[in-house]
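Written out below as structure tokens is the structure these notes cover.
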There are 2 protein chains.
Amino acid sequence: MAATLHDVARVAGVSFKTVSNVINNHPHVRDTTRSKVEKAIAELGYRPNLTARSLRSGQTGAITLALPQLSLPYFAELADAVIEAAAKHGLVVLIEQTGADRKRELEVMASPRLKMSDGLIFSPLALGQEDADLIKADVPIVLLGERIFGSSSDHVTMQNVTAARAATEHLLDLGRKRIAVVGAHEGEVIGSAGLRLRGYREALESRGIPYDDGLVAYVVDWHRSNGAAAMHDLLDRGATFDAVFGLNDTLAQGAVRVLQEAGFRVPDDVAVIGFDDLDETRYTLPTLSTVDPGRTEIAETAIRMLMERIKEPNGMPPREIETAFQVVARESTGASDQA
Amino acid sequence: MAATLHDVARVAGVSFKTVSNVINNHPHVRDTTRSKVEKAIAELGYRPNLTARSLRSGQTGAITLALPQLSLPYFAELADAVIEAAAKHGLVVLIEQTGADRKRELEVMASPRLKMSDGLIFSPLALGQEDADLIKADVPIVLLGERIFGSSSDHVTMQNVTAARAATEHLLDLGRKRIAVVGAHEGEVIGSAGLRLRGYREALESRGIPYDDGLVAYVVDWHRSNGAAAMHDLLDRGATFDAVFGLNDTLAQGAVRVLQEAGFRVPDDVAVIGFDDLDETRYTLPTLSTVDPGRTEIAETAIRMLMERIKEPNGMPPREIETAFQVVARESTGASDQA
DNA sequence: TGCGGGCGATGCAACGTTGTAAAATATTCG
DNA sequence: CGAATATTTTACAACGTTGCATCGCCCGCA
């Protein structure tokens, strides 16, 4: 059995409370006492029981990160960033996978499990704007992503519209005129797909190019296979284009694959840009131009907001923060190799 | 403040222990009492405090998964599998990233944090065989991977040697004779690289083909860029080969990229096989042949062993389990598209 | 000499839960 | 109807920690 404060106290010949005082370095402990206690701690290999400390203090030192699935590269990289950001503040991260399932997304917020952590960073994929009122739990929440705005929780999001517009303008700046879109969601207005499509349209508009729905390929999911299928779809229906905006990197990769199979050269015949700046976009052939949505900043901002909210749950009204983005030009839009 | 057993008891007009009995559905609770209590629970929205329960029971319902980094796709998919396997048993997963740093790998096992979970699934990348004795903690450990054998902990590993041999034989069966290896580690004997290289050599030997060190490219890390660099290295030194065994998928992808840039057709000029069966290998051009190391089985076995060990810490001597693998033939070794 | 004040150490209670044992109540049977 | 027994409820302690209040001591100062 592990040693407790009492065991240490017995060995050191002091009261267990004094041991506690040493551990929490209270000011009024004599040096001789302190070293006696420290010796006993070392001798017994005492480690504080964090569960007991949690019960007493009401804080666990952990946060929950709820996301759809780690095998989706975007979320894996997001999780990486969140864990690193949390570690900087001494917090540990518990991960819940929702599988983009509405029921599980709601369960995460309702589960008593959640109270084993001090707060929740939540990236929903099934819940949408109409569920804004359901975003609540026994712990503070920071919401990530573009699916829900104006909930009562803090919210960190990337600048989808502006960034998508910049990505499209990057293609336009290359002289491309007919830009296909891969990965739109039928009828979506907010949500990553809807917002990025809006950015695309704004860019066209600003250059006086009419929007052509024939250049937009719709999908249900944002997996690699969907990007491939969408590109097949475009080619099958005889669409002609000299550039492609993949609404995320995996879609763009799927599209590139199909383009190459079909004999198109990227970027010569068709320039392609994605979105997310996944690590792997640096190593595809050609390397994939993309938009860096500021993942590290998203993670750090989310952690910071969550910690503030944990400290003062009602300190301020819900905040909504947009992070800085950057267009990253690589080979797929004609930039020279930079891998 | 959240409601406690006492609050519920007050509302229901019973003792708080009776409420506890209802929650843990003890046999001897009268139906009328039970419903009275349930009504009060619903009315107050009572949720049990899991921290207090943990303190009392000594179990947390969480496990820790320590791995190098989630942004490495292999570990992201491993984490996904572990979380799903854990969820099936009602366990939640806390993730620690070690960054393949020796110091942090040791810290994970020493940290009092670890005791906020019931056990550790540990996939080291810095610690090696010589550290077998350092694999110990206050909770049961299940070790993953190929770096450390014969420690005092349970261990789940893939069949590296046999699987690598099968992968090499797959290339030999295609009639390829000169098979390059991308990703060897200088001087390594055990560890994924060493074991897989051994499987490669065994395959050659069994067909009477001499081992040629000129066909082996060494790397330090297993990132995509290393695979690319290694292939550059092979080409630069004038190596000739008709097949490549990438010791993992990301290395193979990097190698494929360089091969294609250099004008080689894959698989016609050079057949390529990887290792790990990452999801993304299904969507590259060409799709990548690989070895499925049985990730789901690894995860489920690890969870099962850990739970057994948690239930009975000294129930049995350390076990070492190897999971089943499967060679997956895709386009990069001439199989027809199956994406 | 007496007293206030700072220091150092301690004791007690509490965080919210569950196990054990005992008490209270209901049921059965002679 | 009373005793024996079965059922239901309760009281108390404990898990290991920290906050609060207390207590004794030594010192300096009047």
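Throughout, protein chains are lettered first and strands after them, A, B, ... in sequence-line order, and every chain is numbered starting at 1.
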When the distance from [atom1] of [X] to [atom2] of [N] is rounded to whole Å, what number comes out?
{"X": "B/Arg10", "N": "C/dG16", "atom1": "CZ", "atom2": "P", "value": "11 Å"}
{"X": "A/Ile23", "N": "D/dG16", "atom1": "CD1", "atom2": "C1'", "value": "11 Å"}
{"X": "B/Arg34", "N": "D/dT8", "atom1": "CZ", "atom2": "C1'", "value": "12 Å"}
{"X": "A/Asp31", "N": "C/dA9", "atom1": "CG", "atom2": "C1'", "value": "15 Å"}
{"X": "B/His6", "N": "C/dA13", "atom1": "NE2", "atom2": "C1'", "value": "13 Å"}
{"X": "B/Asn49", "N": "D/dC15", "atom1": "CG", "atom2": "C1'", "value": "13 Å"}
{"X": "B/Asn21", "N": "C/dG19", "atom1": "CG", "atom2": "P", "value": "9 Å"}
{"X": "A/Gln59", "N": "D/dT17", "atom1": "CD", "atom2": "P", "value": "18 Å"}

Any non-hydrogen side-chain atom of [X] less than 4.5 Å from a side-chain atom of [Y]?
{"X": "A/Val82", "Y": "A/Ile121", "value": "yes"}
{"X": "B/Leu114", "Y": "B/Leu120", "value": "yes"}
{"X": "B/Asn49", "Y": "A/Lys115", "value": "no"}

Taking the side chain of [X] as heavy atoms from C-beta outward, which of [options] is closest to it?
{"X": "A/Phe16", "options": "C/dG19, C/dC12, D/dC15", "answer": "C/dC12"}
{"X": "A/Ala52", "options": "D/dT8, D/dG19, D/dT17", "answer": "D/dT17"}
{"X": "B/Thr18", "options": "D/dT17, C/dT10, D/dT9", "answer": "D/dT9"}
{"X": "B/Lys17", "options": "C/dG19, D/dG16, C/dA26", "answer": "C/dG19"}
{"X": "B/Leu5", "options": "C/dT17, C/dT10, C/dG8", "answer": "C/dT17"}
{"X": "A/Val14", "options": "D/dT17, C/dT17, C/dT10", "answer": "C/dT10"}
{"X": "B/Ser15", "options": "D/dT18, D/dT10, C/dT17", "answer": "D/dT10"}
{"X": "A/Arg56", "options": "D/dT17, C/dG19, D/dT9", "answer": "D/dT17"}

**Request:** Examine C/dA9: is either OP1 or OP2 under 4.0 Å from a nitrogen or oxygen in the side chain of A/Arg30? Give yes or no.
**Result:** yes

[X] bridged to [Y] by N-O distance under 4.0 Å:
{"X": "A/Lys88", "Y": "A/Glu300", "value": "yes"}
{"X": "A/Arg319", "Y": "A/Glu308", "value": "yes"}
{"X": "B/Asp131", "Y": "B/Arg102", "value": "yes"}

**Complete:** Per nearest nucleotide of DNA chain D, the residue lying toward the 5' end, B/Leu55 or B/His28, is B/His28

Reckon [X] touches a base, only the sugar-phosphate, or nothing at all at heavy-atom distances under 4.0 Å?
{"X": "B/Ser20", "value": "base"}
{"X": "B/Asn24", "value": "sugar-phosphate"}
{"X": "B/Pro27", "value": "nothing"}

